[in-house]
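Below is one structure; the comments refer to it alone.
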Protein chains: 2
Amino acid sequence: MRYTYDYPHPAVTVDVAVFTIEDGELAVLLIRRAAEPFAGRWALPGGFVEIRESLRRAAWRELHEETGIRAGFLEQLAAFGRPDRDPRERVISVAYYALVPRERLSIRAASDAADARLFRLADLPELAFDHTKILRRARERLREKGDDAHIAMQLMASSFTLSELHRAQELICGRPFDKRNFRKRILATDLVEPTGEKRRAGQHRPAALYRARHARDVPYRSRI
Amino acid sequence: MRYTYDYPHPAVTVDVAVFTIEDGELAVLLIRRAAEPFAGRWALPGGFVEIRESLRRAAWRELHEETGIRAGFLEQLAAFGRPDRDPRERVISVAYYALVPRERLSIRAASDAADARLFRLADLPELAFDHTKILRRARERLREKGDDAHIAMQLMASSFTLSELHRAQELICGRPFDKRNFRKRILATDLVEPTGEKRRAGQHRPAALYRARHARDVPYRSRI
DNA sequence: GCAAAAGTGTTTGAGGTACACCCATGC
DNA sequence: GCATGGGTGTACCTCAAACACTTTTGC
């Protein structure tokens, strides 16, 4: 009981929805809460914003703690602030969402988490707080922005096939894209370039590999 | 010095960018700050979020206090939280933007404001805090969403001419629209319906009046 | 009668959509 | 040789963009 103010202050947290593709499906990283409230429940990774830390940096820190990720797509979603969303005290949460290639994720349960793992979006458990709502909104935002192939690019490993990018875009937008039209469209941009390598996998023709042509963070400047 | 916490809490405010059209130009409502910091400077209307009040409700309250508006388009923009944005203490601001028909605005300087008035966007004073940045982002968002005619509709009085709507859309998007294509497009939707009335103004042909066909708030559900 | 905004259709081009078959590999 | 995903081109259609003149009023 050390910090005192003339009028009541809410606590401020950030929560981050980390999306990736695992086993060909969209998935999100959840942590199992170690402490009350909602101990044992799954939740978005997040935590309190430190007093001298920007919102974006707090989100970045949470992302880093749970995944080891140090860079990538991280964008503010919205602030969530219903007075009753946390039973302890008034807590306002600024939600972020991140897109991360699966290969770059090294999932670790940080100190405040009993466990951490990926869940397919089709297969979510009941979440703590209003995190189901936050996640639904993040998914919505992703769908809105997903027509832009830059978004799907964020989920690609350092080299990838056009089929993988195609699949990512379908997952994000939640609808099928014609294969030929998709490839035509992507190749018409300067989003990707062939590495010259091919990947052999399974009993079929090897796929040409591509890499992102521009720095990963060019198309979307950070928000805040 | 009455409210104490185990760890430091930021203060949380809402700021609202209220856009309207005045004299055929996009304008935003600013208040002149009565108190320090930035006393005498122009700023977005805003204030602290009360401890039991939702963010949206706080924004709505600020809007109402400065304009008398009780309903209309009000949407969350983003949270701004750089640690140094307020010289007093750590303050995180959740910014909203509102679109309001000029006729419904009754501007009043609320208790914390020395003055309040509309400024054309082309003609802004230097603003307090990071409000210039917030306003720039609100403007950007408006431009992004402005292709959708629902947005321009929010700036229309209860009855309006297609020329007025046309002008509003041009202002929001910052580029010209072909008159015939615009009218064709609007009339192809069920966004507006003729009132049957005409408005005589100036020495030219009277314009047919239209009204919004759906409830004003249908197309955009509130965010949070 | 003239100034000033309201109102009205058609043509053209670009881009998105639909669609089916051969290719290279592993087993 | 067959199963599996990789890779390729064309025709059509829809929608957005360009474009100019007549109408109705006030003065």
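Keep in mind that this is a model prediction, so the values were computed, not measured. The sequence lines fix the lettering, A, B, ..., with proteins before strands; numbering per chain opens at 1.
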Comparing B:Leu162 with B:Gln203, nearest DNA chain C nucleotide closer to 5' gives the residue B:Gln203
**Request:** Give the intermediate values and the outcome of side-chain contact (heavy atoms from CB on, under 4.5 Å) for residues B:Asp86 and B:Thr13.
**Result:** CA-CA 11 Å; B:Asp86 191 310; B:Thr13 59; over 6 Å; no
5'-most contact on DNA chain D (nearest-nucleotide basis), B:Lys179 vs A:Pro206, goes to A:Pro206
For the pair made of [atom1] in [X] and [atom2] in [N], what is the distance, rounded to whole Å?
X	N	atom1	atom2	value
B:Arg199	C:dG7	CZ	P	11 Å
B:Tyr210	C:dA6	OH	P	12 Å
B:Asn181	C:dG7	CG	C1'	14 Å
A:His204	C:dT25	NE2	P	12 Å

C:dA20 base / A:Arg180 side chain donor-acceptor hit below 3.5 Å
yes
Here the residues of residues 163-178 of chain A within 4.0 Å heavy-atom distance, strictly under, of DNA chain D are A:Ser163
| message | Would B:Arg82 pass as a cation-pi partner of B:Phe80, given that its NZ or CZ must be under 6.0 Å from the six-membered ring centre and within 45 degrees of the axis? | response | no
Heavy-atom nearest pair, B:Gly47 first then B:Asp15, reads N-OD1, 4.4 Å
Heavy atoms of B:Arg185 and B:Phe177 approach each other most closely as NH2-CD2, 3.5 Å
Check [Y] with [X], please: is the shortest side-chain N to carboxylate O separation under 4.0 Å?
X	Y	result
A:Glu140	A:Arg136	no
A:Arg175	A:Asp147	yes
A:Arg120	A:Glu22	no

Out of C:dT17, C:dT25, C:dG9, minimum distance to the side chain of A:Arg200 belongs to C:dT25
5'-most to 3'-most nt of DNA chain D touching chain A (<4.0 Å, heavy-atom partner on protein side) reads D:dA3 to D:dT10
Practice prompt. Measure the acute angle between the ring planes of A:Phe129 and A:His131, then classify it against the limits of 30° and 60° as parallel, tilted or perpendicular.
Written response: tilted
Passes side-chain contact (heavy atoms from CB on, under 4.5 Å), B:His166 versus B:Arg183? Steps please. CA-CA 8 Å; B:His166 181 204; B:Arg183 297 170 79 94; over 6 Å; no
Report which part of the nucleic acid B:Arg185 touches: base, sugar-phosphate, or nothing (heavy-atom distance under 4.0 Å, all strands). nothing
Original post:
Just checking B:Ala201: base, sugar-phosphate only, or nothing, at a heavy-atom cut-off of under 4.0 Å?
Top reply: nothing
